[in-house]
Number of protein chains: 2
Amino acid sequence: MNTPRKTPTMADVARLAGVSPMTVSRAFKTDSSVSEATRDAILKAADDLGYVFDSTASSLRSQRTDFVAVTIPSINNANFADTLRGLAEGLKPRGLQILLGYTDYDMAEEERLIEQFLRRRPEAIVVTGGRHTPRARRMLENAGIPVIETWDLPEDPIGHVVGFSNAEAVRGMVDHFVARGLTRIAFIGGDTSRDTRGADRRRGFIAAMQAKGLDATRLIAAGAPPISMREGALAMGRLLQTLPDTEAVICVSDLSAFGALTECQRRGVDVPGRLWIAGFGDYEIAGISVPALTTINPFPRDMGARTAALILDVLDGRQLAPAHIAIAPELLIRQSGG
Amino acid sequence: MNTPRKTPTMADVARLAGVSPMTVSRAFKTDSSVSEATRDAILKAADDLGYVFDSTASSLRSQRTDFVAVTIPSINNANFADTLRGLAEGLKPRGLQILLGYTDYDMAEEERLIEQFLRRRPEAIVVTGGRHTPRARRMLENAGIPVIETWDLPEDPIGHVVGFSNAEAVRGMVDHFVARGLTRIAFIGGDTSRDTRGADRRRGFIAAMQAKGLDATRLIAAGAPPISMREGALAMGRLLQTLPDTEAVICVSDLSAFGALTECQRRGVDVPGRLWIAGFGDYEIAGISVPALTTINPFPRDMGARTAALILDVLDGRQLAPAHIAIAPELLIRQSGG
DNA sequence: CCTGTTTATGTTATCGTTAACATGACCTGT
DNA sequence: ACAGGTCATGTTAACGATAACATAAACAGG
């Protein structure tokens, strides 16, 4: 019978290597001053015992968890995934581990996640968007760690911001279409308050149209997020039926835009001949579909990378005041219109 | 000047509420036996102090972290994201938090991640695929926690398995195409060993073709993963140039299949009229593109959900022996061929 | 009314690591 | 040869929670 021995600890390693536990602890930190011979002996002993370092104990004693908490609305979204990737890549060199949660576009769920995350004592917390429940906001304000809001430019930020104005970005698209002589422009999506960024884009569309003195009522609902290709196709169907003289459609995202495009293809509506379609996000599909989709690139991965860099700056004391980093989204005019 | 007071602990809450720290601890566990009056007083005190429960200390003492470690090849992949979602949803009711890492299709990176994760003392670990570095495998074997391999049916599993045979799934597609009378069938992707599942699918293609006595050499490389739409389009370009008499193409994923389809559209090649295209994964785009893509649905979300259920069963002692759960992928014949 | 059980709470020791301080050995320059 | 410094290692006492055990009060059944 094999002994049901417990997981070995540093003390066990120390005993086998003939040193004190403290020296073992030092040997596991690369930078510490331990003689090479001692370190080798310790690592050998640790290997022989099958010792696995216990981060939990380390975290408790050192008060450093090396966690960065991140909440995003959805994992099944290439834009957010890109931000996450930029973030993860920027944090990895420093050994910071992301604690990921998705809110499913639900602020109450976000609140629950934030509460859970703060209990884990992360070094920083990144949230998507600038709107939160009052309690969530309070928790973030009192967390005592850097807070970064992304994918938005909130009027009253909690702490740091790395984002862009969704409304402004869509205004750019409207202005471009109007400059090209179009007037009957529609917007698909952004109809529910749940998708905060979608709603902002829709608001931006309405404001921009009104600023140009144009009819801003060609609004097609797409339902609750995640708004995907299918919803885009259905919305396009409704648009073609109710407002057949529409000249261009701006969609809340490339996914709905592509769905809308496929609906046109199924119905034999020529894009861009009879109708222009624009999306948002510069997903891969926007660049490769036939026709390629006119869209807006908000540089999601860059947003993640900048957020990561900001976090490191704050943790290292290089950045003291709340940073307010604005990303400039880029208008990409492609074959689907513009 | 405001006092730089430290974060309050249970002891502080206990003092304010006039109880012992142990009672505070109990009050924070919903199931424990604390009188309603006491609990209210404690929660009130905690709120007044801005107390935030410290999971790190709790984990160290109770030897329970409520973490489940998960490694996936890429976050920017809707299939893996679906698995993750199924997993997260299944684990959330039990308060298990996912510790996510992505390997970027790199086994050495996977090894590094596994090592890091095990230090966090997760309750279980989920890995994608059945191939790992020898050291990674050893670490998993000795981890003393449930190990679940997914997205594959390894010959020699480490512990539990929730997956399917990538090779068998593709065989099903080949058999179907052959039954429909085709013989000149090509395969795009799976050419690098990095994408283990892609390579398995390619192997499955070759084996199935050879089993039918057909030419299994129409293999188009798509490069290193992540193989996406663009690579699919480029590969299709090469296929049309070098093997123009090909009747059908099976692609390593729907993303490359859609890219391939767009290339046909750009070149005026009729799909399915002149060429059939099939993908893998049943991504949303497969169902909505025009023509819709013939593909294979491996039920990624279900895989995640089943994995979560398995983890709970194991943690609760309901499942003792290593489980071996095979998912049956479904052939979806759509307009692009079949 | 007494014993046995349940309920609400307290006491003590500990989870495994490391911050902070201490120490002895070995330099190093004058 | 010695004060001052560096280097490698050791000692002690936490970090903040809770498992395990203990106890007092309330309750229940005969």
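The sequence lines fix the lettering, A, B, ..., with proteins before strands; numbering per chain opens at 1. Excluded from the calculations below are hydrogen atoms, water molecules and symmetry mates; all remaining heavy atoms, backbone and side chain alike, are included. Just so you know, these numbers come straight off a predicted model, no measurement behind them.
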How long is the line joining [atom1] of [X] and [atom2] of [N], in whole Å?
X      : N      : atom1 : atom2 : value
A:D54  : D:dC15 : CG    : P     : 18 Å
A:R64  : C:dA19 : CZ    : P     : 9 Å
A:K29  : C:dA20 : NZ    : P     : 14 Å
B:R121 : C:dT17 : CZ    : C1'   : 11 Å
B:I42  : D:dT18 : CD1   : P     : 12 Å
B:D66  : D:dA17 : CG    : P     : 16 Å

* For B:R121, enumerate each residue passing the salt bridge (charged side-chain N to carboxylate O under 4.0 Å, His left out) test, keeping only those at least two apart in sequence or located in another chain. => A:D54
* Asked: Of all residues at least two apart in sequence or in a different chain, which pass the side-chain hydrogen bond (donor to acceptor under 3.5 Å, both in side chains) check with A:D40?
  -> none
* **Partner set under side-chain hydrogen bond (donor to acceptor under 3.5 Å, both in side chains) for B:T71, not counting sequence neighbours** => none
Check whether any side-chain N or O of [X] sits under 4.0 Å from OP1 or OP2 of [N], and answer yes or no.
X     : N      : value
B:S62 : D:dA17 : no
A:Q63 : C:dT18 : no
A:S25 : C:dT18 : yes

Only pairs under 3.5 Å count here: list side-chain donor-acceptor contacts from residues 100-108 of chain B, not counting sequence neighbours, and write none if there are none.
from, atom 1, to, atom 2, distance (Å)
B:T103, OG1, B:Y105, N, 3.2
B:D106, OD1, B:A108, N, 2.9

* To do: Quick one: label B:F28 by what it contacts on the DNA or RNA (base, sugar-phosphate, nothing), any heavy atom closer than 4.0 Å.
  =>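 Since no nucleic acid heavy atom lies under 4.0 Å of B:F28, the category is nothing.
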* Electrostatic pair B:R112-B:E109, nearest N-O below 4.0 angstrom -> yes
* To do: Produce a footprint string for nucleotides 6-14 of chain C: one letter per nucleotide, 5' end first; B if the base is under 4.0 Å from any protein heavy atom, S if only the sugar-phosphate is, - if neither.
  => --SBBB-BB
For residues 303-310 of chain B, tabulate all N or O donor-acceptor pairs below 3.5 Å that involve a side-chain atom, not counting sequence neighbours.
from, atom 1, to, atom 2, distance (Å)
B:T307, OG1, B:M303, O, 2.6

